[in-house]
Every structure is written in C-alpha cells, then in structure tokens.
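Step one of this worksheet: look at the structure below.
Here is the naming used below: chain letters follow the sequence lines, and residue numbers restart at 1 for every chain.
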Protein chains: 2
Amino acid sequence: MLYDRLMAVDRDHVLRSAAALLTRKSTATMDEVAKAAGISRATLHRHFAGRDALVRALEALGIEECETALDAARLDEGPAADAVERLVREIESAAGLLAFLYTENQLFEGEEQNQGWTRIDDRISALFRRGQLAGEFRIDLTPAWLTEALYGLLASGAWLVQSGKGAPRDFRPMVVGLLLGGALRHPAQPREES
Amino acid sequence: MLYDRLMAVDRDHVLRSAAALLTRKSTATMDEVAKAAGISRATLHRHFAGRDALVRALEALGIEECETALDAARLDEGPAADAVERLVREIESAAGLLAFLYTENQLFEGEEQNQGWTRIDDRISALFRRGQLAGEFRIDLTPAWLTEALYGLLASGAWLVQSGKGAPRDFRPMVVGLLLGGALRHPAQPREES
DNA sequence: CCCCAGTGAGACAATGGTGTCTCAAATGCT
DNA sequence: AGCATTTGAGACACCATTGTCTCACTGGGG
C-alpha cells in the first residue's frame, strides 16, 4: 500500500535523526528523539514500540551500514593496508552511530549481543589476519585487539570531530594513520597514498 | 576525630567498589552500588549526597589517579616513546575507571567539563608535542588526536580484557604497541624493550 | 555496664520517563 | 467536497529510581 511506503521513508528518516541525536546525547528521552525527528511522541511510538525497539532498530541499522561498508571496501582485494583504508573511508559516515552502539553495548554484562556484531567482528578480524599472513601487519597484536582498537579509534575520532577539536576532513587520515602507522616516525616507510 | 578517619577509609573503599561496578555496568543503581560496597543505601547516602555527587567524586578520583600516573611516568625524561610506555604502565590500573568517565563525559553536550581533564589533556598533549619536536613522532597527527586516541585505546583495551577476549598481561603491550608502532610491520625498526 | 555514633532496613513522597489512550485537526486521495 | 488515514497534543496510569526520614540495633569506648 501507499501508506506503507510513506511509513518506510519516514521510518528511515526518524531512525537517522535518532542516530544523529543519540550520538551526541545517548540519554536523550523519547520526547527529545521525537522532536529531533520533527514528529510527535505518539507517532514515534507508532514506528517503534518503545525505547528498546528503537535502540534495537538503530543497532540493526548500524549493523547494516557496517555490512554495506565491509562489502564496498572489498576487504579481500589488494594489500590489507589499502583495504583498511577503504574500510575506514566507507564506514566513516556511520562512525558516530557506531560510537553510540559501541558504548551502548558495554552496558549489558552477560547479555549476549546481537549476532550481527560477531559476524562483523569476524570479517574485520579476518582482514587483519590476512594482513598478518601476508607479512604486512605485525603478528604480536592479535586480530581481536586490532579489531577492537579500530572501533575505539573510530569512536575517538568521531568524538574529536564532534567536539570541534578536529576537522571532519582529517577523520580518515587520523584513524588510518594511527591504526596502521602508529605515532612513531618510520623514516624508511612513508605510506604511499592512493 | 576517630570517626572521620574511619569514614575516610570507608569512603575510599566505597569509591573504589563503585568504580569497579560502574566500570562494568555504568547504569548501576544506587542500591546496587551500595550492595557492591557491602553497605546499605542509607550509608551510601551519608557518604555521597546523591548520584551526581558520587559520579563527581569518581571523576575527582579518576583525575587524581591520572595526575599521579602522569607524575610517576616522568613525562619529561628520556625519549618520548619511553615516557608513553611508562605512562600506560602507570595508568593501567585506572583504565577501567577512565573508560567509564570517558564515555560518561560524552553525555553532556554543552556542559563544561571538569577543569582537571583539560589540565591532564594538556600534559599528555605536551608529551606528544615533545616527541614530535624531537623527531620521534610523526608530525601529521596532531597532539590532540594522539591524546584522544590514547584514551580510546585505553578504553578499548580495558573492555577487551574485561570481556575476557584479551589477557590482562597483554594490556600494556597492546596499547603501547598499537599507539606507537601501528599495525604495519616496520622491518628495520624493532622497538627495543626496556 | 551504659552511652552513643554509626548502621541497616524499611517506609514514604517526589521525580521523570515510559507506554497507552482519546480526540480533534490536518493531510492526501478520489 | 467527501472520505479515510495519519498525525499531534494532551491526559493518564505505571514504573523504577531517587532522596529523605524514622527507628531499632549493633558494637566499641568510657
């Protein structure tokens, strides 16, 4: 039906507004979320049964955007380092949402997390492992740690930009530069830019 | 008076229990905090007027531990890279608390943050700047970003250990290894361990 | 032994967010 | 214009947490 289609675009718009707001203020109330999306609390409730449902929908959105980014980054092709750069490029627009979900997930002690995340973790871990096997990456840092560190750096980068202490255009070089190269100068190894 | 001294040690014990609990479950209720400390909610309220007061006390504790770690790490001495390693070593025990406060601070949009943090930020930034001026660190990553990244990696590392996906003994090499060296192999540059 | 500061347990109202409902107004299609 | 559907605004009860209070109890010091 026509209405369903309209609901669909509205729902997506609401979801993205909520993501943008909750990224900045993770404790925002349902009323604030509604206002931020330009709708009433009643309508918000018609889209999402409750706060839980909203957060889970945001989680699904984040997972979806991650999967899309992972696909677009073609992690299997070419040097692993370049794949990492592509990944950060593709995932940059979702970094704020990821930061929100990343910290949100720390709240639940035992609760098993959405299976989608483990799948994403696996794909990213596999990339780092591939880089290690190819001799590109050091082997004394586990893929699990590199994956976790990537999340942390994405969140830190998003916050730095959010707070105005860093320029948005520097986001990718910051994250990639540190994740791959670290803070030390490596005179013989200037990373070639694509 | 005697009671004051007793209260003091109790207060500190309560504070550290609260830190340990809130590190794992940042939404823990006052009742849970009290139970975790082995006291009643009434007594908890006698120590800290309310939740705000408790969090602010935790913030003060975190700042204090950071300052202590910064002092102990002697950031001005020797190569900056070694100073970073010392800093992570000294700050490791507070990493969980830091992670809690770090994410807690993201909640408040405009609210000016505790001045203690800017002071700590400045000291760490100064360390990275020193390393850059000495030619140790690359200059295309700003000290502000390196500082933020350090926080992010400390938090990520703490969570990785918390979740059991990483061994506690690996915490420092993980954080320092990635922050300084990055993921790439640098064949000619094996970092000498102290 | 008595005193008394400190504690724990519980009652209590106040608060703030949530979820549900109603109804009038607006919107869009025919 | 007429109709169906969706919306916004508000009212409402509900719930969890908080902050305050009382009161009985314990345990250590005089």
Over how many whole Å does the gap from [X] atom [atom1] to [N] atom [atom2] extend?
X: B:R11; N: C:dG6; atom1: CZ; atom2: P; result: 15 Å
X: A:K35; N: C:dG17; atom1: NZ; atom2: C1'; result: 14 Å
X: A:H45; N: C:dC21; atom1: NE2; atom2: C1'; result: 12 Å
X: B:M30; N: D:dT17; atom1: CE; atom2: P; result: 13 Å
X: A:D10; N: C:dT27; atom1: CG; atom2: C1'; result: 12 Å
X: A:F48; N: C:dT18; atom1: CZ; atom2: P; result: 15 Å
X: B:R51; N: C:dG17; atom1: CZ; atom2: C1'; result: 15 Å
X: A:D31; N: D:dA11; atom1: CG; atom2: C1'; result: 14 Å

Worksheet item: For D:dT18, does either OP1 or OP2 sit under 4.0 Å from a side-chain N or O belonging to B:T29?
Response: yes
Choosing from [options], which nucleotide comes nearest the side chain of [X]?
X: B:R46; options: C:dT7, D:dA9, D:dT7; value: C:dT7
X: B:A42; options: D:dT18, C:dT18, D:dC21; value: D:dC21
X: A:I39; options: C:dA9, C:dT18, D:dG8; value: D:dG8
X: A:S40; options: D:dG8, D:dT17, D:dT7; value: D:dG8

Item to complete: Specify the residue among B:L44 and A:E32 whose closest nucleotide of DNA chain C lies further upstream toward the 5′ end.
Response: B:L44
Worksheet item: A:Y102 vs B:W159 aromatic rings, parallel, tilted or perpendicular, using cut-offs 30° and 60°?
Response: perpendicular
Worksheet item: Going by modelled atom types, is there a donor-acceptor pair between the base of C:dG17 and the side chain of A:R41 at under 3.5 Å?
Response: no
Quick one: do [X] and [Y] make a salt bridge, cutoff under 4.0 Å?
X: B:R86; Y: B:E77; value: no
X: A:R123; Y: A:D71; value: yes
X: B:E85; Y: B:R172; value: yes

Item to complete: Mark yes or no for whether A:E65, through its side chain, and A:G62, through its backbone, hold a donor-acceptor pair below 3.5 Å.
Response: no
